[in-house]
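To keep things clear, I will list the structure first and then write my remarks on it.
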Amino acid sequence: MPELPEVETTRRGIEPHVCGEIISEIIVRQPKLRWPVPGQLQQLVGAEVTEVARRGKYLLLETISGTCLIHLGMSGSLRITSRLTPPEKHDHVDIIFTNDVVLRLRDPRRFGAVLWAGCGELHPLLIKLGPEPLTDEFSGEYLFKKSRNRRINVKALIMDSHVVVGVGNIYANEALFSAGIDPRKASGEISAKRYALLVTEIKTVLQQAIAQGGTTLRDFVREDGQTGYFQIELKVYGRSGETCVACGMMLQQIKQAQRSSWFCPVCQQ
DNA sequence: CTTGTCACCTGAGCGC
DNA sequence: TGCGCTCAGGTGACAA
């Protein structure tokens with residue numbers, strides 16, 4: 001999916017087009033997303049979007065009639081278009097506004113979701129989420145405490161949304177490289193000092209990616225339909241067969257929980 | 001409670 | 001050209 005920087009870039013992109021606008025129609029062409037698109041979504045028709053928020057990788061369109069949650073999954077993208085533009089193959093949901101602006105969700109793999117929560121209610125999926133990575137709550141001390149008496153590897157720990165939200169496979173790999181930590185290391189055996197560094201690196205890499213407009217992904221599509229391109233120099237992610245930028249050693253690729261990990265066996269211990 | 005595995009889906013790229 | 005295989009940015013639901 002879009003990782004957190006891409007979701008935040010999308011949020012900033014759609015916000016000026018939909019905030020303050022009134023929803024006139026919601027068209028669901030394909031309700032079979034990660035979860036069925038709920039009928040309650042239609043309660044939002046006639047309501048004004050008062051805020052476009054984000055929690056982890058969930059985008060939240062707030063209205064007085066409830067909240068529309070949008071998750072982009074692995075392959076989702078949102079774009080701002082008009083009613084005159086016909087939907088294409090994987091354009092599953094349109095949220096149409098009274099000014100004829102259309103917020104259109106495209107998601108080939110359908111791992112994304114469009115959900116609804118009542119006004120003032122927190123959707124069940126959001127209740128148990130960990131802190132946002134770019135807040136003070138997510139600190140070295142916090143992560144150290146969370147890791148005590150745990151045996152799972154450190155990469156799985158930082159990718160666990162109940163520990164911290166928004167750290168996907170790309171940035172988990174990159175942050176662990178920058179912090180010099182072996183992704184296979186048991187999380188319970190890492191010192192507080194090293195966690196402080198890891199948290200700093202997670203924040204840095206996410207902030208940099210957001211500042212660059214979330215163009216980490218080759219096929220990231222902005223809300224205006226413009227495609228992104230690599231601006232961020234990834235040091236380990238996807239670099240199979242390449243050498244470490246720091247020491248020249250061959251990078252290693254392994255599988256952890258069915259996800260690829262890349263790391264330098266010398267720089268990361 | 002923790003940990004690891006599976007499932008959900010389409011499309012791109014590769015070797016043959 | 002086509003087939004079969006692997007891989008891909010996520011994450012909740014399970015079983016052990």
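Labels below follow one simple rule: chain letters A, B, ... track the order of the sequence lines, proteins then strands, and each chain is numbered from 1.
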Please pick, from C:dG12, B:dT5, B:dC9, the nucleotide with the shortest atom-to-atom distance to any side-chain atom of A:Q258. B:dT5
Any A:S260 side-chain N or O less than 4.0 Å from OP1/OP2 of C:dC7: no
Separation of B:dA12 C1' from A:M74 CE (nearest whole Å): 14 Å
Using the P atom as the reference point in each nucleotide, state the distance between C:dT11 and B:dC1 in Å, no decimals. 22 Å
Between atom CG in A:L33 and atom P in C:dG12, what is the gap in whole Å? 16 Å
Distance from A:M159 atom CE to A:N169 atom CG, nearest 0.5 Å? 4.5 Å
Does a side-chain N or O of A:H162 approach OP1 or OP2 of C:dT11 to a distance below 4.0 Å, or not? no
Between B:dT10, B:dT3, B:dT5, spot the one nearest the side chain of A:R110, thanks. B:dT10
Looking only at C:dG10, C:dA8, B:dG11, the nucleotide nearest the A:Y237 side chain is C:dA8
Whole-Å distance, A:R109 CZ to C:dG12 P, equals 16 Å
From the list A:V49, A:L44, A:L61, side chain to side chain contact (heavy atoms under 4.5 Å, CB included) partner of A:I95 resolves to A:L61
Out of B:dG11, B:dT2, C:dG12, whichever nucleotide has its closest atom nearest the side chain of A:L125: C:dG12
Given A:D91, which of A:R29, A:R110, A:R106 fulfils the salt bridge (charged side-chain N to carboxylate O under 4.0 Å, His left out) condition? A:R106
Side chains of A:Q253 and A:S240: do they bring a donor and an acceptor to under 3.5 Å? yes
Just how far, in rounded Å, is C1' of B:dC1 from CZ of A:R151? 11 Å
Nearest-nucleotide 5' precedence on DNA chain B, A:K32 against A:N153: A:N153
Taking the P atom of each, how far is B:dC9 from C:dC14, in whole Å? 16 Å
Name of the residue among A:L234, A:V236, A:L4 meeting side chain to side chain contact (heavy atoms under 4.5 Å, CB included) with A:I170: A:L234
So, do A:L126 and A:L69 sit near enough that their side-chain heavy atoms are less than 4.5 Å apart? yes
Would you mind telling me which of B:dT3, C:dG10, C:dG12 lies closest to the side-chain atoms of A:R259? C:dG10
Between A:K255 and C:dA8, does any side-chain N or O lie under 4.0 Å from OP1 or OP2? yes
Rounded off to whole Å, could you give me the CZ-to-P distance for the A:R34 and B:dT10 pair? 15 Å
Expressed in angstrom and rounded to an integer, what is the separation of A:D107 atom CG from C:dA8 atom P? 18 Å
Stems in DNA chain C: runs of 3 or more consecutive Watson-Crick or G-U pairs, distances under 3.5 Å? B:2-8 with C:10-16, B:10-16 with C:2-8
Within the pair A:K128 and C:dG12, is there a side-chain N or O less than 4.0 Å away from OP1 or OP2? no
Less than 4.5 Å apart, side chain to side chain, heavy atoms only: is that true for A:F263 and A:I181? no
For A:R11, is there an ion pair with A:E8 - N to carboxylate O distance below 4.0 angstrom? yes
Rounded interatomic separation in angstrom, taking CE from A:M159 and C1' from C:dG12: 14 Å
Tell me whether the OP1 or OP2 atom of C:dG12 has a side-chain N or O from A:Y58 closer than 4.0 Å. yes
Between C:dT11 and A:H71, is there an OP1 or OP2 to side-chain N/O distance shorter than 4.0 Å? yes
Do any N or O atoms from the side chain of A:Q256 and from the backbone of A:P183 form a donor-acceptor pair under 3.5 angstrom? yes
Specify the separation, in whole Å, of atom NZ of A:K57 and atom C1' of C:dT11. 9 Å
Are the ring of A:F111 and the six-membered base ring of B:dC8 within the stacking cut-offs of under 5.5 Å and under 30°? yes
The side chain of A:Q253 lies closest to which of these nucleotides: B:dG4, B:dT10, C:dA8? C:dA8
